Amino acid sequence: MWAFQAAPTIQQPYLPLHFNNGPITRISSHLHHPTTATLRTATATTTNNKNPLIQSLCKKGNLKEAIQVLSHEPNPTQQTYELLILSCSRKNSLADGEKVHRKLVNDGFDEDPFLATKLINMYSDLDSIDHARQVFDKLYNRTIYVWNALFRALTLAGHGDEVLNLYRRMNYRTGLLSDRFTYTYVLKACVASESLVSLLRKGEEIHAHILRDGYESQVHVMTTLVDMYARFGCVSSAGYVFDEMPMKNVVSWSAMIACYAKNGRPFEALELFRDMMLETLDVLPNSVTMVSVLQACAALAALEQGKLIHGYILRKGLDSVLPVISALVTLYARCGNLKLGRRVFDQMVKRDVVSWNSMISSYGIHGFGGKAIEVFKEMLNSGVPPSPISFVSVLGACSHAGLVEEGKILFQSMVREHCIYPTVEHYACMVDLLGRANRLDEAAKIIEDMRIEPGAKVWGALLGSCRIHCNVELAKRASRRLFELEPRNAGNYVLLAEIYAEARMWEEVKRVKKDLEARGLQKVSGCSWIEVRRKIYSFTSVDEFNPQIEQLHALLLNLLMEMKEKGYVPETKVVLYDLAEEEKERIVLGHSEKLAVAFGLINSSRGGTIRITKNLRLCEDCHSVTKFISKYADREILVRDVNRIHHFKDGVCSCEDYW
DNA sequence: CTAGGGTTAG
């Protein structure tokens with residue numbers, strides 16, 4: 001591939017990896033120092049040729065001309081090459097980069113580790129990881145800088161496992177010691193792996209190395225460590241490292257807040273944010289911090305809390321930062337206030353693909369599929385190319401709204417018009433779209449025709465559809481695959497048991513439940529919560545400690561009687577026990593969302609919307625009861641379940657009973 | 001040459 005000439009000054013045999021000791025180490029130890037010239041530059045410096053023309057052309061951004069002059073320049077210096085390489089990165093020109101590289105080799109700089117570092121960084125910036133690797137492979141004098149540059153390049157390219165293999169070789173085969181940069185890169189490599197193996201153990205091993213080498217007070221290293229544990233979902237490990245950090249700055253705090261926000265612990269995220277504001281005087285939150293805080297508010301559907309945070313963002317002038325605005329759009333939409341989200345979106349001066357995606361998915365979760373498609377098309381018209389997530393968002397919107405044909409057309413346009421190849425997520429959307437619409441055979445056909453391995457998400461979507469339409473046979477097939485793919489996901493067992501229960505196959509229900517227990521798993525219990533005057537109250541069906549619980553039950557019983565007179569029949573098929581109908585009715589009446597709605601009726605002012613959030617999918621009985629309450633108590637009720645938002649008003653729901 | 005963030009997900 002490369003037709004470089006052998007270096008005229010240093011002739012060394014090519015070894016891909018070598019023992020970095022002996023005289024070579026001595027050469028490299030002074031070669032890598034940027035102020036120390038190589039043999040070749042030493043000559044150049046003595047002739048006092050600093051190539052002012054090339055350098056000034058580089059600084060002016062006139063790369064083409066600089067390369068022109070370079071081709072006639074007999075003595076380019078190391079500094080000149082450094083500027084040229086940086087220019088190629090900046091100009092995003094691989095061809096020019098290769099030209100400069102070739103000339104550099106001809107001029108005998110191919111064993112200069114300083115320039116090799118720059119070259120590797122350049123090729124990494126130009127997304128040419130193979131070239132970066134080659135620079136490294138051909139190099140004999142490898143300083144820690146060179147290793148670090150390659151680690152950085154590979155990590156950015158997602159080749160985490162390669163970094164870890166090289167890291168091991170560096171430790172065993174060279175005398176080089178890792179520095180704080182090495183550690184940040186190899187820690188990141190643990191989570192930047194294309195293979196599916198969990199590299200948590202590796203990360204823990206590196207953690208030990210870091211402590212051994214005395215880096216526990218290096219803020220960058222420790223923050224990366226927090227983030228690594230966060231990405232593995234090891235919240236307590238992340239918290240432990242964070243607590244032990246002797247020095248913390250805004251990045252460290254943000255990493256830990258993000259850890260909570262991303263791992264389903266929004267409450268702790270807000271708590272930590274509060275601690276940060278109270279405990280530290282010199283650490284001020286910035287836009288990155290605020291994004292995670294907004295995410296936490298969105299997860300909790302804490303609208304009032306979110307509005308306060310929005311106010312803070314405005315006061316601090318962080319309201320022009322794109323990620324912050326996108327997070328605000330999502331916050332308001334997920335809190336049920338689509339109008340406010342739209343207003344924030346409309347006020348944006350500039351929009352990138354993420355801003356558009358947040359608006360598309362906002363319409364999606366509210367069930368406005370048509371609006372989502374409209375916004376999607378508006379995005380295309382405005383010249384912003386869609387991302388894979390744009391399609392997940394818009395297909396999800398079609399799914400919630402039952403727009404099957406529109407979804408199919410969009411799905412086909414992915415490859416045809418946008419060169420975006422569907423991933424497991426996209427297929428899962430299509431299976432969900434078709435399955436929900438009771439076109440289960442078509443959904444199964446999609447899976448059969450998939451060109452990639454259908455993952456758990458795809459089979460999960462199919463099983464979910466089987467649940468809605470009570471298709472026992474297909475459910476058996478889907479669950480068999482699911483139990484292989486994710487044996488520890490309790491939700492799958494529950495879904496299957498519910499399907500059997502609806503089909504009154506009680507023996508099967510028992511078997512699945514036994515299976516669940518045998519694996520030491522538990523059904524995730526339903527939990528609903530409501531924000532009243534900026535406080536969040538949560539409910540579970542087994543909660544005996546709620547001081548108002550008797551009042552709530554009484555209210556629900558009254559409603560039940562009233563509803564039964566009006567012809568309501570409780571829907572008890574979610575109950576996984578073969579019990580008397582009366583007993584089942586008692587169970588569904590205690591569902592957490594009903595308690596939350598009752599609490600809302602009692603504790604919030606009339607005329608205001610009651611907003612409830614639930615951790616699972618809304619059950620059919622709660623859905624019809626809430627419809628009833630919205631009419632007879634004359635209240636607007638918003639319920640956000642795991643999938644979408646239901647807007648109850650005058651006895652009907654915005655989902656039109658399709659969810 | 002180093003650390004944290006937005007949109008999606010049965």
Side-chain angles (χ1 to χ4, degrees), chain A residues 114 117-118 120-121 124 143-153 155-156 179-188 218-228 230-231 249-259 261-262 285-295 298 321-331 333 352-362 364-365 386-397 399 423-429 431-432 435-436 455-468 478 482 486 489 491-492 495 617 642-643:
Chain A
F114 175 75
T117 305
K118 299 286 169 195
I120 292 172
N121 288 334
S124 164
T143 61
I144 191 66
Y145 290 79
V146 176
W147 285 90
N148 288 349
L150 186 71
F151 289 161
R152 170 181 176 266
T155 302
L156 287 175
D179 66 7
R180 60 210 161 108
F181 296 94
T182 319
Y183 281 127
T184 58
Y185 295 132
V186 293
L187 285 175
K188 274 176 96 76
Q218 288 285 342
V219 187
H220 285 85
V221 175
M222 298 317 272
T223 303
T224 315
L225 199 50
V226 169
D227 185 56
M228 182 201 74
R231 285 174 203 267
N249 59 20
V250 62
V251 183
S252 332
W253 284 91
S254 305
M256 196 59 220
I257 292 171
C259 171
K262 284 246 166 81
N286 59 22
S287 65
V288 180
T289 325
M290 297 324 291
V291 164
S292 291
V293 173
L294 289 173
Q295 265 188 344
V321 185
L322 275 188
V324 173
I325 312 175
S326 300
L328 278 170
V329 172
T330 302
L331 166 81
D352 64 2
V353 66
V354 181
S355 337
W356 287 100
N357 291 350
S358 22
M359 199 62 242
I360 293 167
S361 56
S362 294
I365 55 168
S387 70
I389 293 179
S390 311
F391 281 100
V392 176
S393 306
V394 74
L395 290 174
S399 187
T423 63
V424 178
E425 281 82 4
H426 299 110
Y427 282 109
C429 286
V431 170
D432 187 67
R436 223 178 264 281
K457 284 188 177 150
V458 177
W459 290 110
L462 188 65
L463 185 63
S465 300
C466 292
R467 166 75 191 82
I468 296 169
L482 270 173
E486 37 178 37
N489 184 340
N492 298 331
L495 273 177
R617 184 180 186 270
V642 264
N643 298 320

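The structure displayed is predicted, hence computed values, not measured ones. Every chain is numbered from 1 and lettered A, B, ... according to where its sequence line falls, protein lines coming before strand lines. Heavy-atom basis, side chains included; hydrogens, waters and symmetry copies ignored.
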Fill in the blank from the handout: Testing B:dG10, B:dC1, B:dG4 for proximity to the side chain of A:R152, the answer is B:dC1
Practice task
Nearest whole angstrom, please: distance from the C1' of B:dG10 to the OH of A:Y427.
Solution key: 17 Å
Completion exercise
Note: A:L462 and A:A478 closest approach over all heavy atoms is CD2-CB, 4.1 Å
Exercise for the section: Return the nearest nucleotide to the side chain of A:S393; candidates are B:dT8, B:dT2, B:dG5. Expected result: B:dT8
Exercise for the section: Answer with base, sugar-phosphate or nothing: what part of the nucleic acid does A:S465 contact at a heavy-atom distance below 4.0 Å? Expected result: nothing
Problem - Residue-phosphate contact under 4.0 Å: A:S361 side-chain N/O, B:dT8 OP1/OP2 - result: yes
Problem - Donor-acceptor under 3.5 Å (A:N249 side chain, A:S252 main chain) - result: yes
Problem - Nearest-Å distance for atom pair CD1/C1', residues A:I325 and B:dG5 - result: 14 Å
Practice task
Report yes or no: do A:T223 and A:H220 form a side-chain donor-acceptor pair below 3.5 Å?
Solution key: no
Handout entry: Under 3.5 Å side-chain donor-acceptor pair for A:T224 and A:D227
Key = no
Practice task
Looking only at side-chain atoms of A:D227, point me to the closest of B:dG10, B:dG5, B:dT2.
Solution key: B:dG5
Practice task
Show your working on side-chain hydrogen bond (donor to acceptor under 3.5 Å, both in side chains) between A:S390 and A:S393 and close with a plain yes or no.
Solution key: CA-CA 5 Å; A:S390 311; A:S393 306; over 6 Å; no
Practice task
Select base, sugar-phosphate, or nothing to describe what A:K118 touches, counting heavy atoms under 4.0 Å on all strands.
Solution key: nothing
Practice task
Look at A:Q295 and B:dG6 and indicate whether a side-chain polar atom (N or O) is within less than 4.0 Å of OP1 or OP2.
Solution key: yes
Exercise for the section: Using a 4.0 Å heavy-atom cut-off across all strands, classify A:L225 as base, sugar-phosphate, or nothing. Expected result: nothing
Practice task
Using atom CG of A:N286 as one end and atom C1' of B:dG5 as the other, report the distance to the nearest whole Å.
Solution key: 9 Å
Exercise for the section: Can you measure from OG1 (A:T117) to CG (A:L150) and round to the nearest 0.5 angstrom? Expected result: 10.5 Å
Handout entry: A:F114 CZ to B:dC1 P, straight-line distance once rounded to whole Å
Key = 8 Å
Exercise for the section: Report which part of the nucleic acid A:V431 touches: base, sugar-phosphate, or nothing (heavy-atom distance under 4.0 Å, all strands). Expected result: nothing
Practice task
Using whole Å, report how far CG of A:N121 lies from P of B:dT2.
Solution key: 8 Å
Exercise for the section: Would you classify A:T330 as touching base, sugar-phosphate or nothing, given that sugar-phosphate means primed atoms plus P, OP1 and OP2, and contacts are heavy atoms under 4.0 Å? Expected result: sugar-phosphate
Handout entry: Side-chain donor-acceptor pair present, A:T182, A:D179, cut-off under 3.5 Å
Key = yes
Practice task
Using a 4.0 Å heavy-atom cut-off across all strands, classify A:A261 as base, sugar-phosphate, or nothing.
Solution key: nothing
Exercise for the section: Assign A:L482 to base, sugar-phosphate, or nothing according to its heavy-atom contacts below 4.0 angstrom with the strands shown. Expected result: base
Exercise for the section: Look at the side chain of A:S326 and decide which nucleotide, out of B:dG6, B:dA9, B:dG10, has an atom nearest to it. Expected result: B:dG6
Practice task
Would you indicate what A:N643 reaches in the nucleic acid, counting non-hydrogen atoms under 4.0 angstrom: base, sugar-phosphate, or nothing?
Solution key: sugar-phosphate
Practice task
Pick base, sugar-phosphate or nothing for A:V424, based on heavy-atom distances below 4.0 Å to the nucleic acid.
Solution key: nothing
Completion exercise
Nearest heavy-atom approach of A:K457 to A:A428 is O-CB, 3.8 Å
Exercise for the section: Identify whether any heavy atom of A:R467 sits under 4.0 Å from a base atom; if not, whether one sits that close to sugar-phosphate; answer base, sugar-phosphate or nothing. Expected result: nothing
Practice task
Using a 4.0 Å heavy-atom cut-off across all strands, classify A:S287 as base, sugar-phosphate, or nothing.
Solution key: base
Practice task
Kindly give the heavy-atom pair with the smallest separation between A:S362 and A:A333, and that separation in Å.
Solution key: OG-CB, 3.1 Å
Practice task
Ignoring backbone atoms, test whether A:K262 places a side-chain nitrogen or oxygen under 4.0 Å from the OP1 or OP2 oxygen of B:dA9.
Solution key: no
Completion exercise
Read 5' to 3' with Watson-Crick or G-U pairs under 3.5 Å, [ ] for crossing pairs and | for partners on another strand, DNA chain B gives ..........
Problem - Listed nucleotide nearest any side-chain atom of A:E486, set B:dG6, B:dG10, B:dA3 - result: B:dG10
Handout entry: From B:dT2, B:dA3, B:dA9, nucleotide with atom closest to A:K188 side chain
Key = B:dA3
Handout entry: Distance below 4.0 Å between A:N148 side-chain N/O and B:dT2 OP1 or OP2
Key = no
Handout entry: Stacked pair A:F181-B:dC1, distance under 5.5 Å, angle under 30°
Key = yes
Problem - Sugar-phosphate, base or nothing in reach of A:V219, heavy atoms under 4.0 Å - result: base
